[in-house]
Amino acid sequence: MSDLLANLNPEQLAAVTLPPQHALILAGAGSGKTRVLTTRIAWLISTGQVGPHGVLAVTFTNKAAKEMLARLSAMLPINPRGMWIGTFHGLCNRLLRAHHREAGLPATFQILDSADQLSAIKRLLKNLNVDDEKYPPRELAHFINAHKEQGIRAAQAEAYDDYTRRRVELYAEYEAQCQREGVADFAELLLRTYELLCRNEPLRRHYQARFRHILVDEFQDTNVLQYKWLKLLASYGDPVEGGCIFAVGDDDQSIYAFRGAEVGNMRDLEREFKIANVIRLEQNYRSHGNILDAANALIKNNRGRLGKNLWTDAGAGEPIRVFEGFSDIDEARFAVDEVRELIRDDFPPTQIALLYRSNAQSRVLEHQLFSAGVPYRVHGGLRFFDRQEVKHALAYLRLIANPDDDTAFARVVNFPTRGIGSRSVEALQEAAHRANSSLYNAAASLTGKAGAAVGQFIRLIETLRAETTALVLPEVIEHLIDRSGLRAHYLGEKEGRERLENLDELVSAATAFVQEEEGTLAHPEESDAVASFLAHASLEAGEHQAGEGQEAVQLMTVHAAKGLEFDAVFITGLEQGLFPHENSSQERDGLEEERRLMYVAVTRARRRLYLTHAQTRMLHGQTRYCLPSLFLEELPEELLRRVGATPSFAASPTPAYAAAPARQREESTVGGFRIGQSVQHAKFGLGVIVSAEGGADARVQINFGVHGMKWLALAYAKLTPV
DNA sequence: CGTGCGTCGATTTTT
DNA sequence: TCGACGCACG
């Protein structure tokens, strides 16, 4: 046990060895957060304060849960499987499988991922003859999810206008449809579990008594419902004594408000659970001093922080390099030149990251990397279980397990094509709607040619079910792929080879899954291999790309970089309107969230940090003239070193401008102003003309940086050329 | 039923 | 500019 606590700094040690009480740990970037979390669990168990049985550890991603489990296995001699460690959704799934009857769900309920949910909503709107122009399915999905994430059912939803009243009705219809089909979307997993525990006192008491220690990772990312869920399990406001909450988080790294995260939960936790001393982990083991100084200086501009200052004993290190390019291409070229230099200097390519605010920015970078022959890997994009061929195969599996799963039915009823067109499907949907039954059950009532074709499909499914009852999961999937016609279909497709490989990969994934399950036979409630594999597929979307590019430079959004670290980091596109993004100015505390995002980006770097921006950028097919990001100005100049040439538009027409086609130059001169020119405005200050319209009421669009983008009429606006 | 063209729109994303 | 999606045609 002394090993366990060795090499912990005083704050880490204090956090790990806290007596049983509610705790909030403010863990800065690179401060050993995961180590504290796992060591805390190991310490609690090895000192006999709690058995593995009494531990509940919650994370947001499967990756984080796996990492925790792996570290615990290394620390403890016991099998950490006895503990409940997982994502909110994974743990809720586990609870709902175990108590599906009490929760009002079929034993084999399916989980709808976002795409499934969207198609379920589209189907619903069609059935109810709702105009999907007026009620866009995406918007409706967001409306429903946002309510569920606040813990609000359709029956409790408030509506003060007709439009919202209708959306609440549709929310109720959606709930009914899901119930009928025996499916649950992501938010439903949480809400259903929450309601189950609220309603069912014996069950609630059971779990409250069981989980003596509830540990939460990335607490700043919790939404309203997740916090309610935690409070319920910890017996907040209950007369009974509940377990202790040990929440670890960093308000400065809260970057998911757009998907419902409530940073305010941290303060609420502190207040409601009467946490007297919040422990701060401020010693950083990742970055050199200059990088941390820059991060600290930046984040100081945010208000209402819990407060924290990162420090290191690693020394100041190199200055932060700042580069200004003429154009996005110029910027990318610089970054790639530097990347090659770094690789020559023995930086491993995987330790070099190119970060950007939005995915569209990766194109220029990729182009330059490709031209230079530098291997790279782009994070994000399609994940394994999101691939259409995989979803098709799983839809067959779902239909066999649960014929009422209309989402799965609609997906494969005519894939591969078997003569069941949209007209037949519509007829079937209508019949099902009339009979208030599933598509599968309504199939028998269809007559004529359509009826015959659909009947044949039903028989195919019945046959598949009969043929696979005696098989183990991987064999079942293999069989389905062959006999459903999927394999034949992709064999005949020119782009089909990769898809076939993915189908084979799916069989392998099932094999691995079954083996894994066998090691953990402790869960009889998960003994249905098909159901648990399907849940696994929905809850864990899998890797973006399989093991590709071992020696590749890493490209990703700043969001995707959270939690990662690299020797060298490039933060690109540091321009007003891009980073901070212009849309953020419309959002409540939008700029502060952008600043936290920048803070996350900066703190990814260990040794070297580049901040780059461009004067012009191709955006939506148009050249945009950009001002440097406000965030660059917020960094102390003494930490920075400007590298490369820094030309200015104000001085003279820049090469980028001069290189623009003559037509564009002519068009862009309006009332003595031209695009790219810097101007001064009495109220908005310094700006750059981004575009212009001539004619009688000539006006120009000006990027005023912090003050945003404005269209100003030349007849009225007082603009001074700079 | 599949293909081709035109329109529209365009942060960030995990489960 | 690029892509995704919806509708018209063969």
Side-chain angles (χ1 to χ4, degrees), chain A residues 58-65 86-93 111-118 122 132-133 136-138 142 145 148-149 184-191 193 217-218 221-223 225-226 254-261 328-329 355-364 366-367 379-383 385-386 414-425 453 489 492-493 535-542 544 556-563 573 577-587 590 593-594 596-598 600-601 617-624:
Chain A
V58 202
T59 65
F60 277 88
T61 65
N62 291 299
K63 199 176 153 203
T87 62
F88 278 102
H89 295 86
L91 295 167
C92 286
N93 176 52
I111 299 167
L112 298 188
D113 64 23
S114 319
D116 292 335
Q117 184 189 33
L118 195 62
K122 284 180 182 165
D132 59 5
E133 300 261 299
R138 287 188 174 281
H142 181 259
N145 291 335
K148 287 191 180 183
E149 282 164 11
D185 60 47
F186 286 135
E188 185 69 26
L189 293 176
L190 274 135
L191 183 51
T193 309
D217 190 18
E218 306 275 21
D221 288 339
T222 51
N223 63 32
L225 180 57
Q226 284 159 340
S254 163
I255 56 172
Y256 285 115
F258 71 91
R259 63 177 201 214
D328 47 352
I329 297 169
L355 308 184
Y356 35 81
R357 173 68 238 267
S358 69
N359 287 303
Q361 290 167 252
S362 76
R363 277 191 72 246
V364 196
E366 286 185 69
H367 184 81
H379 291 246
L382 256 200
R383 290 152 137 251
F385 286 109
D386 286 337
N414 195 36
F415 194 96
T417 48
R418 40 177 76 89
I420 303 169
S422 53
R423 232 162 36 88
S424 308
V425 174
H489 176 265
E493 211 179 51
H536 168 81
S538 304
L539 291 173
E540 184 161 3
H544 285 293
M556 67 193 85
T557 63
V558 179
H559 282 95
K562 189 175 165 221
L578 192 60
F579 197 3
H581 199 278
E582 53 199 345
N583 294 1
S584 70
S585 61
Q586 268 91 261
E587 288 153 21
E593 174 119 336
E594 293 289 305
R596 290 192 289 269
L597 196 53
M598 179 67 182
V600 167
R617 180 174 298 276
M618 202 56 146
L619 213 62
H620 309 330
Q622 278 191 318
T623 306
R624 274 256 298 249

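Letters A, B, ... mirror the listed sequences (proteins, then strands); counts begin at 1.
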Atom pair distance, as rounded to whole Å: [atom1] in [X] and [atom2] in [N]:
X: A:Glu540; N: B:dT15; atom1: CD; atom2: C1'; value: 10 Å
X: A:Glu149; N: B:dT15; atom1: CD; atom2: C1'; value: 10 Å
X: A:Arg138; N: C:dA4; atom1: CZ; atom2: P; value: 12 Å
X: A:His142; N: B:dT13; atom1: NE2; atom2: P; value: 15 Å
X: A:Ile329; N: C:dT1; atom1: CD1; atom2: P; value: 12 Å
X: A:Asp221; N: B:dT15; atom1: CG; atom2: P; value: 12 Å
X: A:Leu190; N: B:dT14; atom1: CG; atom2: P; value: 17 Å
X: A:Asn62; N: B:dT14; atom1: CG; atom2: C1'; value: 9 Å

May I ask you to decide if [Y]'s main-chain N or O and [X]'s side chain share a donor-acceptor pair within less than 3.5 Å?
X: A:Glu593; Y: A:Gly590; result: no
X: A:Asn62; Y: A:Leu539; result: yes
X: A:Arg357; Y: A:Leu578; result: no
X: A:Ser538; Y: A:Ile111; result: yes

Does [N] have OP1 or OP2 sitting under 4.0 Å from an N or O in the side chain of [X]?
X: A:Asn359; N: B:dT13; answer: yes
X: A:Arg259; N: B:dT15; answer: no
X: A:Arg363; N: C:dC2; answer: yes
X: A:Asn583; N: B:dT12; answer: no

Within the structure shown, what part of the strands sits under 4.0 Å from [X] by heavy-atom distance: base, sugar-phosphate, or nothing?
X: A:Gln117; value: nothing
X: A:Tyr256; value: sugar-phosphate
X: A:Asp185; value: nothing

Quick check: closest heavy atoms across A:Val600 and A:Ile255, and the distance to 0.1 Å?
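Closest heavy-atom pair between A:Val600 and A:Ile255: CG2-CG2, 4.1 Å.
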Between A:Phe258 and A:His559, how do the two ring planes meet: parallel, tilted or perpendicular, split at 30° and 60°?
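Aromatic pair A:Phe258/A:His559 classed perpendicular.
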Of the options [options], whose atoms approach the side-chain atoms of [X] most closely?
X: A:Arg383; options: C:dT1, B:dT12, B:dT14; value: B:dT14
X: A:Glu587; options: B:dT13, B:dT11, B:dT15; value: B:dT11
X: A:Arg357; options: B:dT15, B:dA10, B:dT12; value: B:dT12
X: A:Thr557; options: B:dT13, B:dA10, B:dT15; value: B:dT13
X: A:His559; options: B:dT13, C:dT1, B:dT15; value: B:dT13
X: A:Phe258; options: B:dT11, C:dT1, B:dT12; value: B:dT12
X: A:Leu539; options: B:dT11, B:dT15, B:dT13; value: B:dT15

So, A:Gln117 and A:Ser114: side-chain donor and acceptor under 3.5 Å apart, yes or no?
no
Chi-based syn or anti call at B:dT11, which uses purine or pyrimidine torsion atoms and a 90° bound
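That one's syn.
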Using atom P in both nucleotides, what's the gap between B:dT12 and C:dC5 to the nearest angstrom?
15 Å
Between B:dT13 and C:dA4, how many Å separate the two P atoms, rounded to a whole number?
16 Å
Partner set under salt bridge (charged side-chain N to carboxylate O under 4.0 Å, His left out) for [X], not counting sequence neighbours:
X: A:Asp116; value: A:Lys391, A:Arg398
X: A:Asp185; value: A:Lys148
X: A:Glu218; value: A:Lys33, A:Lys562

Name all residues meeting the side chain to side chain contact (heavy atoms under 4.5 Å, CB included) criterion together with A:Asn414; count only those two or more places apart in sequence or in a different chain, and write none if there are none.
A:Thr417, A:Arg418, A:Ile420
Protein and nucleotides 8-10 of chain C: nitrogen or oxygen contacts under 3.5 angstrom:
none

Starting at the 5' end of DNA chain B, which residue's closest nucleotide do you reach first, A:Ser538 or A:His581?
A:His581
Pair of N/O donor and acceptor under 3.5 Å linking B:dT15 base with A:Ser114 side chain:
yes
Scoring nucleotides 1-9 of chain B by protein non-hydrogen atoms under 4.0 Å (B base, S sugar-phosphate only, - none) yields SS-------
